[in-house]
Every structure is written in C-alpha cells, then in structure tokens.
Number of protein chains: 2
Amino acid sequence: VTQRNRAALEALDRADELRAMREQFELPPDIVYLDGNSLGALSRRTRERLAQVVSGEWGKGLIRSWNSADWISLPTRVGDRIARLIGAEPGTVIAADSTSVNLYKLLSMALQLDPPRRLIVTERGNFPTDLYVAQGLMTQLAGCVPAPELVRVEGGADAIAELLQQRGDEVAVVFLTHVDYVSGRLHDMRGVTLSAHAAGALMLWDLSHSAGALPLSLAECDVDLAVGCGYKYLNGGPGAPAYLYVARRLQDRCVPPLTGWMGHADPFAFSGDYQPAPGMLHYLCGTHSVLAMSALETGVELLLEAPMEALRRKSMALGDLFIELVDTHCGNQGLNLISPRDGAHRGSQVAYTHRAGYAVMQALIACGVIGDFRAPDVLRFGFAPLYVRYVDVWDAVMALARILREGSWDQPGFQARAPVT
Amino acid sequence: VTQRNRAALEALDRADELRAMREQFELPPDIVYLDGNSLGALSRRTRERLAQVVSGEWGKGLIRSWNSADWISLPTRVGDRIARLIGAEPGTVIAADSTSVNLYKLLSMALQLDPPRRLIVTERGNFPTDLYVAQGLMTQLAGCVPAPELVRVEGGADAIAELLQQRGDEVAVVFLTHVDYVSGRLHDMRGVTLSAHAAGALMLWDLSHSAGALPLSLAECDVDLAVGCGYKYLNGGPGAPAYLYVARRLQDRCVPPLTGWMGHADPFAFSGDYQPAPGMLHYLCGTHSVLAMSALETGVELLLEAPMEALRRKSMALGDLFIELVDTHCGNQGLNLISPRDGAHRGSQVAYTHRAGYAVMQALIACGVIGDFRAPDVLRFGFAPLYVRYVDVWDAVMALARILREGSWDQPGFQARAPVT
C-alpha cells in the first residue's frame with residue numbers, strides 16, 4: 001500500500017483518464033459533492049443546451065419545433081442512448097414519465113402476460129417507492145379474479161430463490177433493485193434472472209442506482225423488463241424523466257394500462273379508438289416535457305463519451321479509497337460500514353451507520369461535504385466517477401474525521417429532518 | 001360597425017389594458033402566433049427563471065435545493081396558483097405528471113368510490129387521449145367483477161342527459177372536455193355537473209382548452225374532479241406538467257392507483273408500507289421535474305397578474321374580429337365556420353373547415369402565420385389573450401385571404417402530415 005496523502009491523490013487526479021469529464025461539470029469550487037447518486041451534477045453542455053431549447057426552440061420555433069427540432073422523437077432518441085448505457089438493444093428502451101409510473105406500467109402488464117400467475121415478488125428492503133407502486137396496483141386490482149398478490153421476502157437473493165422453488169409456478173414477475181439504495185450491495189443480475197426464468201416468471205430490474213455507474217448487459221442477461229431513474233448518475237437534472245426497457249420478445253404481447261395519445265399508432269389522426277404504436281412507443285402515455293427530456297439527453301450523451309470500464313474502475317477505486325481512509329482516520333468513532341468491502345459487490349456508493357447519523361451528515365454538509373442521510377442512522381456517500389476526484393475523497397474523510405473527533409456534530413441546528421432523496 | 005383597417009386595430013392595441021403583458025413575451029417579430037392553444041409562448045420571466053433554476057438552484061445548490069429552493073413543494077405551490085385560476089379552493093389542485101396520467105388516476109378512483117356504479121360516460125368527440133386513457137383502464141380492469149364499461153355518446157350535452165336519464169344509477173363518472181378542442185364550443189359546466197349529480201354520478205372536467213383563457217369556477221359549480229394541461233394557455237413550456245383537481249369532500253375517500261413515494265405521508269422515513277399523505281399530496285406519484293415545474297410556475301404566475309375578466313373580454317373580441325374579417329375578406333373561398341359565432345359559447349379559438357385544410361395551413365405557416373390543422377380538414381386559430389394583438393388578427397386574415405384568392409396553397413411542399421398537437 002502506497003503512503004496516502006493529499007499530494008499523492010492530486011497526482012492520481014492529474015493522471016486520471018476521466019479528468020477531462022470533470023472539467024465539463026460546473027460544480028461549486030468550495031463543495032465536495034458525494035451525492036451524485038441522489039442528484040447528478042450540472043454540466044456546461046446541459047446548461048447551454050437548455051438555454052438553446054428555451055430561447056431558440058421554444059421561444060423562436062414555438063409549436064413548429066415539435067417537427068423542426070424533432071421534439072417528438074426525444075423519448076425514443078433518449079431511450080436508444082440509455083439502451084447503449086445499459087447493454088440493451090436499440091428499440092428496447094424509451095424515456096418517459098417517472099420511475100414509479102413506469103414500474104406501474106410494467107407490473108400491471110406482467111400480470112396480464114400469463115394470467116394464472118398472480119404473484120408479484122420482491123424483497124422487503126427494495127426501494128420504498130417500488131413497494132408502494134406494487135401495493136397501489138394490488139389495491140386497485142383487488143376486485144379482479146384471481147386477485148394478484150404481492151410477496152415481499154426477507155433476505156435478498158436466497159430468499160427469492162427459496163420462494164421461487166416453493167411457489168414458482170404462481171409467480172408472474174420478480175422485481176428487484178439492482179444496487180441497493182442503502183448499502184450499495186449489488187444483486188447478481190444474471191443469476192437472479194436465470195432463476196426467475198427457470199420458474200417461468202418474468203424478471204424486472206430497477207436500475208436507478210446502477211445505470212451510468214457500472215457496466216450492465218441487459219441483453220446478455222436476458223432481462224425481461226427494467227425501469228430506471230434519470231436524475232442520478234445520468235445527470236438529467238432534478239426530477240428528470242425516467243425510462244423503461246422491455247425485451248423485444250415481449251413488446252407487442254400486451255398493452256400497458258396507461259394508454260395515451262403519445263403511444264397511439266397515429267396520434268395526429270385523432271382517431272377515437274386506441275391503436276397501440278408498435279415497439280416501445282406504446283409505453284408512452286401523455287406528452288413529454290421537452291425541457292426535462294433535453295437535459296436528460298445531454299446528460300446521457302456526456303456519459304456515453306466516457307468508457308464504461310473506466311467509469312467502473314474509477315468508481316471502485318474511489319469507494320475503496322474512502323473505506324481505506326475511514327479505516328485509518330475514523331477508527332473507533334462509532335462508524336459501522338454496511339456496504340460490501342469488496343468493490344466488485346458494490347455499486348458506486350458507500351454507507352455507514354452512526355448513532356447520530358443525521359447530525360453528523362448535517363455537520364458535514366455545513367463544512368461543504370455533501371453526502372446524504374437515510375433513516376434511521378445511515379450516512380451515505382456516492383462517488384459519481386464522471387466528476388468526483390480522489391482529493392474529494394480525501395477532503396471528505398478528513399472533514400468527517402475532524403467532526404467525529406471534535407464532536408462538532410453535537411450542536412443545535414443539526415436536528416431537522418431531511419426531506420429529500 | 002366601425003370601419004376596419006389595420007390602423008384602427010393598431011389603435012385598439014395601443015389602448016389595450018393587457019398591452020403590458022404582450023411585452024413580456026419573446027415572440028419572434030416576423031411571426032403571427034395563433035397557436036397558443038397548442039403551445040403557449042415563452043415569456044422573458046420564464047426564460048430568466050429557468051436560467052436561475054439551472055445555474056443557481058441545480059448547478060450551485062445541487063441536492064440542497066430540494067429544501068433551500070423549496071423544490072419539494074413545487075407541486076402544491078403550482079397547484080394552488082392554478083386553483084386561483086380555475087376558481088377552486090386552495091388545497092384542491094396539485095401539479096403532476098401529464099393530463100393523460102392524471103385522468104387515469106381520477107377515472108380509476110371514480111370507479112372505486114361507489115363500487116356498484118360501473119359506467120364511465122363521455123362523448124365520442126372528446127379529446128382522443130381522454131378516450132384512450134379510459135379504454136386502457138377498461139382493458140386493464142376487464143377481469144374485475146363487475147367489469148367497468150365505457151360509454152361514448154354521440155351528440156354532446158343532450159345525449160349525456162339522455163344517458164343519465166336511462167342508466168344514471170349505473171354511472172360512476174361523466175367526463176367531458178370543457179372547451180371542445182376542434183370547434184372551441186363550450187360545455188355548460190354548471191348544468192352538466194348538476195345533471196350528473198342528480199343521477200348520483202361524479203363529474204370530471206378536462207380543462208385543457210379553457211383554463212387560462214376564460215373564467216372558471218369549479219367550486220361554485222360544485223365540480224368533483226378535473227384535470228388540465230400546463231402547456232397551452234398556462235404557458236408552461238412544451239410538454240409542461242399537468243394538474244388535477246379533487247373536491248375536498250372526495251380527497252381522502254380513496255387512494256389513486258399510482259401510489260409512489262411523493263404521495264406518501266412521510267416519504268423520507270423510507271417505510272416499506274404505503275401510507276397516503278393527506279389532501280392532494282397523495283395524488284403525486286414519482287419525483288416531479290423541477291425544470292418543467294418551474295417553467296409552469298412562472299407561466300401561471302404571469303397569467304394571474306392579468307385580470308381574468310379582461311382576458312376573457314379580449315379573447316372574445318379577438319375571435320369575433322377574426323370571424324368578421326374572414327366574412328368580409330374570405331367570402332366564397334370554401335371556408336366553413338365550425339365554431340359558435342357567439343363568443344359566449346366559444347373558448348379562445350376559432351375553427352374552419354376547408355377541403356384543402358392542411359395545405360392552406362402549411363401555406364399560412366410559410367407566410368409566418370401560425371395556426372394549426374386538425375384532421376381531416378380543420379384550420380384552427382387560437383387567440384391567447386395575453387399576447388395576441390388585434391393587428392395579428394388583421395395580418396392573419398389578410399394572409400389567409402391572399403392565399404385563398406391566389407390558390408397559393410396548391411403548391412408542392414404543402415402535403416406532408418403534421419405530427420403535432
């Protein structure tokens with residue numbers, strides 16, 4: 001192990017193959033931003049693109065820009081770019097709505113594909129909105145025969161496998177988040193997908209915490225369905241549109257419940273009867289926000305310019321460095337690592353519990369180190385490899401060590417609840 | 001009738017009480033824009049606000065802006081502004097998702113409120129996406145007992161009344177678009193709502209073509225449910241978020257089918273069980289686009305600075321003037337007015353059929369007069385009273401008269417299909 005000091009890390013940053021990417025982002029100079037897993041940062045290109053969309057396309061082009069600026073094809077254009085990012089074929093991804101709404105579409109559809117199968121299976125620790133969406137669907141369909149049922153297993157992939165062994169022939173779809181939003185633990189996409197398929201069930205992955213941070217190969221893993229979020233590693237801006245993926249073999253086998261004009265085979269014929277557009281288009285419903293989609297398009301575009309293997313390498317190196325520095329500088333200060341130590345089993349984030357987690361995070365933020373807190377006691381640090389530097393990790397851990405050593409989190413003003421992802 | 005000429009109309013514009021509003025919009029000087037009913041125009045304030053949201057709130061504030069810039073309350077803040085615009089109480093409107101998705105939420109909910117009632121009633125000429133949404137819901141719930149049924153009557157309010165008389169006790173909800181998207185004909189909101197209530201049914205209005213263009217009083221008319229679009233008269237930008245209204249008495253009587261974390265009573269507790277937030281909040285689902293919501297907020301803000309009575313007066317005057325000038329200058333040229341002549345029965349648009357409607361509209365657009373075309377043969381002109389001038393109407397009709405007289409629409413290049421609202 002080489003001697004760690006700030007100068008050595010500065011040297012790593014100078015030699016970083018992704019260094020030019022960092023320079024595209026407009027991060028405030030006094031901030032260490034370790035929350036790109038909640039909200040990706042703004043790039044110059046995105047700011048400039050938005051100014052052009054607003055003044056030029058909307059302001060001057062007005063309604064004509066639906067054609068002249070090709071606003072109409074933003075969902076498929078952005079979708080095809082995201083497909084490249086997640087190892088999916090062109091024509092299998094479309095950008096639309098929110099992750100929650102897209103998940104609702106796919107779960108509802110999964111129940112229709114093979115009607116005797118009425119179970120929707122997930123794990124108890126799945127991201128809450130994913131659970132809420134499934135619960136809402138169960139309530140809505142409670143009067144159907146047979147009524148669908150949501151099963152939430154305790155204990156991850158093993159528990160899923162056990163459930164599939166016991167009740168596999170009743171399962172319509174298994175849905176999991178690929179990278180756990182708290183611990184950052186990675187599911188084995190290929191393995192779990194295989195076991196769902198062995199039971200005749202569909203497999204749906206939520207890629208919100210993995211797309212853009214690690215290599216994915218949905219096509220090779222033979223994934224059926226997926227959803228994901230645009231505002232984290234994709235840098236699509238706050239509340240960016242989300243996306244959904246449907247394997248080609250399933251695309252035209254049924255129609256999602258949200259049938260709006262943008263998913264119609266011929267929206268501008270204004271026919272009174274719904275006719276689904278072929279392929280991914282019928283997963284659209286209402287009109288998409290051009291501003292939001294344009295920001296997302298630029299975010300994904302930038303990400304695609306960085307080699308995914310380089311992103312993953314740097315992401316693991318940053319996480320490993322963080323853990324190593326916390327081991328060295330924050331020992332015996334009440335921090336417990338809840339993420340896998342082995343970077344290969346981890347997404348692009350590292351989490352610790354601390355009994356005063358919320359106050360510690362507030363104190364860190366007050367020092368300009370932005371991570372986030374997850375109830376009840378988790379400190380979460382994300383390492384978006386596109387713009388986080390090795391010195392950022394150093395500065396963050398030094399600030400954390402100082403706060404813990406001096407107890408400076410134990411101050412008035414660090415008590416309020418944090419109301420955001 | 002005073003003598004009409006361009007100079008007289010210039011004088012009207014100079015004396016216009018809404019003149020200062022027009023100056024806030026950044027319309028290209030060489031364009032007559034009569035399509036604000038499809039896509040509202042950009043104001044300087046919106047452009048500046050977006051630049052600030054992008055560079056300041058997102059770029060510098062990053063994740064902190066969910067609190068510091070109060071991104072989190074955008075849906076209720078914008079909703080409460082829209083409530084003022086449509087004569088609804090505070091706390092009865094929220095901005096969210098698209099019109100189609102919001103309609104889906106409310107129709108699904110209407111079916112749950114009084115379960116023996118299984119009919120959803122509308123008119124055949126309702127805006128197509130409204131029909132598609134209802135059709136998708138019917139397909140999704142086809143396996144429920146009893147299965148819901150969509151009834152599309154032919155012939156407007158009278159046919160609705162007749163259906164209510166015959167099968168009123170089976171009707172869960174009647175849903176109509178207040179201003180017809182083709183003819184601009186206004187439904188009698190109070191009367192139709194009363195007759196739905198007399199049958200024990202709920203009344204849902206789509207306000208997409210009325211909000212922001214004419215006074216509405218949802219509270220006084222005792223409306224149950226409503227949805228509407230943000231990108232037309234509200235000037236929220238292309239594909240702006242939509243909104244939904246739920247009368248207070250119904251808000252907590254059931255939960256919509258799309259239950260995501262933004263509608264949870266305590267989203268950041270990350271509980272595994274869905275608990276609906278009180279009031280309108282549980283009509284949210286996923287995370288909202290901050291860029292799109294901010295543009296919408298500014299659009300609505302500007303609209304609220306203009307007295308609604310003045311907007312309506314000017315809107316009717318512009319429409320009346322258009323019809324009068326077409327009568328005078330385009331007689332015997334194959335145009336047939338399909339909008340009510342009486343401004344009191346009309347929204348803020350005027351439509352004509354012409355056998356070569358699409359080519360004529362293309363020729364007009366090529367001259368810088370932007371209206372739109374609706375299949376099969378409709379020329380549609382919108383008069384957003386916030387920024388359309390009397391001289392715009394003059395210039396538009398003069399261009400139309402010239403095109404029709406000279407037959408200059410009958411040229412190659414004016415044939416392609418128009419792919420947008």
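Order of the sequence lines sets the chain letters (A, B, ...), proteins ahead of strands, with each chain counted from 1. All values derive from a computational prediction rather than experimental measurement.
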Restricting to pairs with a member in residues 135-146 of chain A, which pass side-chain hydrogen bond (donor to acceptor under 3.5 Å, both in side chains), not counting sequence neighbours? A:Tyr104-A:Gln140, A:Gln140-B:Tyr104, A:Gln140-B:Ser108

Atom group of B:Leu111 that falls short of 4.5 Å from chain A, counting heavy atoms: neither

Engaged part of B:Val54 at the chain A interface, taking heavy atoms whose separation is under 4.5 Å: both

To the nearest 0.5 angstrom, please state how far the CH2 atom of A:Trp261 sits from the CG atom of B:Leu131. 13.0 Å

Given that the side chain runs from C-beta out, which part of A:Ala295 has a heavy atom under 4.5 Å from chain B: side chain, backbone, both or neither? side chain

Looking at residues at least two apart in the chain, or sitting in another chain, which of them share a side chain to side chain contact (heavy atoms under 4.5 Å, CB included) with A:Val378? A:Val182, A:Ile338, A:Ala351, A:Thr353, A:Arg374

Among B:Arg124, B:Glu26, B:Arg64, B:Gln275, residue most engaged with chain A (heavy-atom pairs, under 4.5 Å): B:Arg64

Run A:Asp35 and B:Leu62 through side chain to side chain contact (heavy atoms under 4.5 Å, CB included) and show every step you take. CA-CA 9 Å; A:Asp35 211 4; B:Leu62 293 158; over 6 Å; no

Measuring heavy-atom distances to chain A, does B:Leu50 have an atom under 4.5 Å in its side chain, in its backbone, in both, or in neither? side chain

Most chain B-contacting option - heavy-atom pairs closer than 4.5 Å, from A:Ser289, A:Ala134, A:Ser98, A:Ala147: A:Ser289

Of all of B:Ser65, B:Ala292, B:Gly272, which one pairs up most often with chain A through heavy atoms under 4.5 Å apart? B:Gly272

For a 4.5 angstrom cut-off between non-hydrogen side-chain atoms, does A:Ile63 reach B:Ile370? yes

Relative to chain A, which segment of B:Ala242 carries a heavy atom at a distance below 4.5 Å: side chain, backbone, both, or neither? neither

Could you look at B:Phe25 and say if it's the side chain, the backbone, both or neither that has a heavy atom under 4.5 Å from chain A? neither

Does this structure show an ion pair linking B:Asp273 with A:Arg152, if we count only N-O contacts that are shorter than 4.0 Å? yes

Whatever's closer than 4.5 Å to a heavy atom in chain A on B:Arg47 counts as both

Toward chain A, the part of B:Asp30 with a non-hydrogen atom under 4.5 Å: neither

Does B:Leu141 reach the side chain of A:Leu141, with side-chain heavy atoms less than 4.5 Å apart? yes

A:Leu39 side chain near B:Trp71 side chain, heavy-atom distance below 4.5 Å: yes

Between B:His264 and A:Tyr132, how do the two ring planes meet: parallel, tilted or perpendicular, split at 30° and 60°? parallel

In short, A:Ser271 meets B:Pro128 closest at the heavy-atom pair O-CB, 3.6 Å

Which atom of B:Ser100 lies closest to which atom of A:Cys285, heavy atoms considered: CB-SG, 3.5 Å

Heavy-atom check, side chain of B:Val145 versus side chain of A:Val145, under 4.5 Å: yes

Of the listed residues (B:Glu57, B:Lys60, B:Met293), which shares the most heavy-atom pairs with chain A below a 4.5 Å separation? B:Lys60

Engaged part of B:Thr99 at the chain A interface, taking heavy atoms whose separation is under 4.5 Å: neither

Which atoms of B:Thr46 are under 4.5 Å from chain A, going by heavy atoms: the side chain, the backbone, both sets, or neither? side chain

Let me know if B:Thr129 has heavy atoms under 4.5 Å from chain A in its side chain, its backbone, both or neither. both

For residues A:Trp58 and B:Pro238, determine if any side-chain heavy atom of one lies less than 4.5 Å from a side-chain heavy atom of the other. yes

Need one label for B:Leu103: side chain, backbone, both or neither, based on atoms under 4.5 Å from any heavy atom in chain A. neither

Need one label for B:Ala41: side chain, backbone, both or neither, based on atoms under 4.5 Å from any heavy atom in chain A. both

